[in-house]
4 protein chains.
Amino acid sequence: MNERSFIVPLSMPTKRSEPQLDRRAQILDAAMICFAECGFHQTSMHDISAKAGISVGLIYRYFKNKEEVIAALAAEHKKDIAQLFERAGEAPTLLAAMEVLFTSHCCKNSPQILSAFVVDLFAEASRNPRVAKVVRGVMRAKAEGVAALIARSPEAKRSAHGLAPQEIAEMIFAVNDGTMLRSVLGPANMSANQQRERQLNVARNLWGLLFDRTSHANGHR
Amino acid sequence: MNERSFIVPLSMPTKRSEPQLDRRAQILDAAMICFAECGFHQTSMHDISAKAGISVGLIYRYFKNKEEVIAALAAEHKKDIAQLFERAGEAPTLLAAMEVLFTSHCCKNSPQILSAFVVDLFAEASRNPRVAKVVRGVMRAKAEGVAALIARSPEAKRSAHGLAPQEIAEMIFAVNDGTMLRSVLGPANMSANQQRERQLNVARNLWGLLFDRTSHANGHR
Amino acid sequence: MNERSFIVPLSMPTKRSEPQLDRRAQILDAAMICFAECGFHQTSMHDISAKAGISVGLIYRYFKNKEEVIAALAAEHKKDIAQLFERAGEAPTLLAAMEVLFTSHCCKNSPQILSAFVVDLFAEASRNPRVAKVVRGVMRAKAEGVAALIARSPEAKRSAHGLAPQEIAEMIFAVNDGTMLRSVLGPANMSANQQRERQLNVARNLWGLLFDRTSHANGHR
Amino acid sequence: MNERSFIVPLSMPTKRSEPQLDRRAQILDAAMICFAECGFHQTSMHDISAKAGISVGLIYRYFKNKEEVIAALAAEHKKDIAQLFERAGEAPTLLAAMEVLFTSHCCKNSPQILSAFVVDLFAEASRNPRVAKVVRGVMRAKAEGVAALIARSPEAKRSAHGLAPQEIAEMIFAVNDGTMLRSVLGPANMSANQQRERQLNVARNLWGLLFDRTSHANGHR
DNA sequence: GATGAATGAGGCTTCATTCAT
DNA sequence: AATGAATGAAGCCTCATTCAT
């Protein structure tokens, strides 16, 4: 009990949840970097706390255990994907939208960082049902999102080659994920931009097969 | 029994180096299963020894440490890929060859087993230079193998859509790896065969885009 | 059973025990080097077998276990000391005899090799009663041996400074052992010969204090 | 409760860095006993933790690994030697100073404890460069310390027998170390005090040779 | 006599997690 | 809210010793 107690009511009225979120985000950011660099199971809680500049114990105030940190990051990844689709939906053409989707994993930090994390996420999902559930959700969201984009896009309709939107979406994401998987090995002698270009090129080639060139000029709205 | 046996009967034709290889293979088989089930870093040496039905210490007579087991499996994987291409090269048509390639990761044990291992392998490669080297070798071998298949295939030439064999190969493998990556999450409510069909379907759709339907009937020899 | 069996009787008549001793000696030689280099407990049985060029199992045909190897070497050391005193006893003067004693640990292999072994032997003796017993025997033999040399030496009698032969012997061996203990750290930048000289010098200084200079010329018989 | 309590009562006088040192010291004390009893390489980390009454893991908060514990003890030994020389420097006569030096290894715990540790330290030094460095430092400090004592001592100057202070110092320490080496085998049937007397006697005999008896009464300043 | 494959206990070290402050 | 000392289980690896050949 100090003098301040008489001035400020015992419970502060202002934004209770803000610092909570800040701490959470701070921890998750640190964890993401560590996980991408070392993998889930090579990263120790101490690594995370050190990267976040806090104490180990504090992590446990915000996350029940290590698995919850992983799960939280998986959920975060899901949200990122959702946002990605919002951005993609605002693109003027289907191809522009695709470009947004396909370059997403190249931007946030460095090309490999996010990729390595996602590959680890899949690996973890194959063993950890909880993570699997989230990742399956991610995959579904992606598939549906792209299918929706295609469905409302005139140029896609005209050149479907007899494929259902679902099938096209699946193909697109197979290429997308495959490219990402391969990108974790990005040859050291290639700049981030070069890699990005190389990966985009694969995607563009696929689009070239899927969609009429003539439709590029048309907006898909 | 060869002619020599009649000349030097007292010494048994002894298989001295055989048990060595047997043990190695036995350990690698066990390790593969464990790694696929639990991941490299969640699998303990004891897990491997138990699965192989031997003692922990014995593993160290054949491998210097855990990393060497991983590296050996990576090398094994590389050999498997090479064999795969030999088999694919003997297929009558390009599409038949492709089918061999695309179903490879579904057969050996169970669909997910191999996939999970390979995804872990990529994850490891992104952090472990030694593994990275092997995996890069695998990727190069795959890309070159497919490019070669395409180059000598008349139906591919006719329908290249202006893409270089390298580019087509890259696309094919992006789809292949992407499919594999996604397969580690194979929905539990889908049979192995159903999954295989589903994955093959993605590949077939890509081929449909890449190659003229008319050429399907022609052998590529 | 081969043709040779009919020519050479089944049991060879010649020297049964020789190869036994050879093997034993071969193993002990190897063990001595390993022990001196790495210490008793950092040396593995495999190290010894490798140095001896034989298999691990064979060591167990000649020694019950590792401790027996150590004990055998300790016993060997005791014999070496006895031989040393025989040689010293034949020296023409007391000082010549002393020189034999004081340079013993510098000759066999390299100055440090034997020293390191002996220091380890003392360390082991402080914990292992069996080794302790042998080492105590060594110490007693040394003390008595020197005391005897002194007792029958006229120049020593003349210059005893009122010390009993036992006391002089003890002092001599304190210096001897101390010099040896310190020699295991022989500065790398000093040649084996330099070190030997340096150590001898300490001993000579002690003799200069203990014995009249005038007596050097006289034989002690 | 001291006066300060009335001025700043809310914050405890907190000893933040103290427990750190306490733990370190606690671990080192336990390690010293274990090492002396069993030797460096027969002592397990669990032995140390058990003797210290803490968990194994805690040791690693204060020491990077076992070698660091050994190195820390070696450093501690070096400090002890330095303190010893401070004490010796305050002795009224050279002989009194010598007595301080020569009885040092008999006091701290039990006669053999420290000796066994030091012998192990030398053995370790002969193989471990890091420990060697510290031990060499100890030896140099001892030699210089004694040389300094002798240099400023009138009774030593008068009776140098033509020996340089360095040479006398070396001899003294050869005797000192030799006595210590031999003391690890202290016959079980001799009391600690008897052993101490016996060892001191060797040293006294040496002094008797080195220094004039007449000078004993004089202070050495 | 000789080999070396095989065992499994035990040592060093790390790390997720808890808890007193 | 925050710290970091503390725990102890568990992982990797080594090694003395045995035994079938």
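Source: prediction; values computed, not measured. Within every chain, numbering begins at 1; the chains are lettered A, B, ... in the order of the sequence lines, protein sequences first and strands thereafter.
Note on C/S49: nothing from the nucleic acid sits closer than 4.0 angstrom, heavy atoms only.
Between the CD1 atom of D/I59 and the C1' atom of F/dG8 there is a distance of 13 Å, rounded to whole Å. A straight line from CZ of A/R61 to C1' of F/dA1 spans 6 Å, rounded to a whole angstrom. Taking atom CD of B/Q42 as the reference point, atom P of F/dC12 lies 11 Å away to the nearest angstrom. Look at CD on A/Q26: it is 12 Å from C1' on F/dA2, rounded to the nearest Å. In this entry the distance linking CD1 of D/I54 with P of F/dA5 reads 13 Å, nearest Å. Here the P atom of nucleotide E/dC12 and the CD1 atom of D/I48 are 8 Å apart, to the nearest Å. Between the CG atom of C/D22 and the P atom of E/dA2 there is a distance of 10 Å, given to the nearest Å. As rounded to whole Å, 17 Å separates atom P of E/dA6 from atom NE2 of B/H46.
Distances shorter than 4.0 Å separate some side-chain N or O of D/R23 from OP1 or OP2 on F/dA6. An OP1 or OP2 oxygen of F/dA5 is reached within less than 4.0 angstrom by no side-chain nitrogen or oxygen of D/Y62.
Ring geometry for C/F117 versus C/F40: interplanar angle over 60°, hence perpendicular rather than tilted (30 to 60°).
Of the candidates E/dA16, E/dT13, E/dT3, the closest approach to any side-chain atom of A/M45 belongs to E/dA16. When each of F/dC15, E/dC12, F/dA6 is scored by its nearest atom to the side-chain atoms of D/S55, the top-ranked nucleotide is F/dA6. Which of E/dT13, E/dA5, F/dT3 sits closest to the side chain of D/Y60 comes down to E/dT13. Which of F/dA1, F/dC13, F/dA6 sits closest to the side chain of D/L58 comes down to F/dA6.
Nearest-nucleotide mapping onto DNA chain F: of A/V56 and B/S44, the residue sitting toward the 5' end is A/V56. Of the two residues contacting DNA chain E, namely C/G53 and D/N65, the nearest-nucleotide position lying further toward the 5' end is that of C/G53. Positionally, the nearest nucleotide of DNA chain E for B/G57 lies more toward the 5' end than for the other of B/G57 and A/K64.
Remark: side-chain polar atoms of A/D29 are not paired, donor with acceptor, to backbone N or O of A/M32 under 3.5 angstrom.
Side-chain N/O atoms of B/D22 and B/Q26 include no donor and acceptor closer than 3.5 Å.
For the pair D/V69 and D/Y62, the minimum side-chain heavy-atom distance is 4.5 Å or more.
Note on D/E68 versus D/R130: salt bridge recorded, some NZ/NE/NH1/NH2 to OD/OE distance being below 4.0 Å.
Pair assignment for F/dT14 gives E/dA9, based on Watson-Crick or G-U wobble hydrogen-bonding distances that are each under 3.5 Å. Using Watson-Crick or G-U wobble geometry with both donor-acceptor distances under 3.5 Å, F/dA20 finds its partner in E/dT3.
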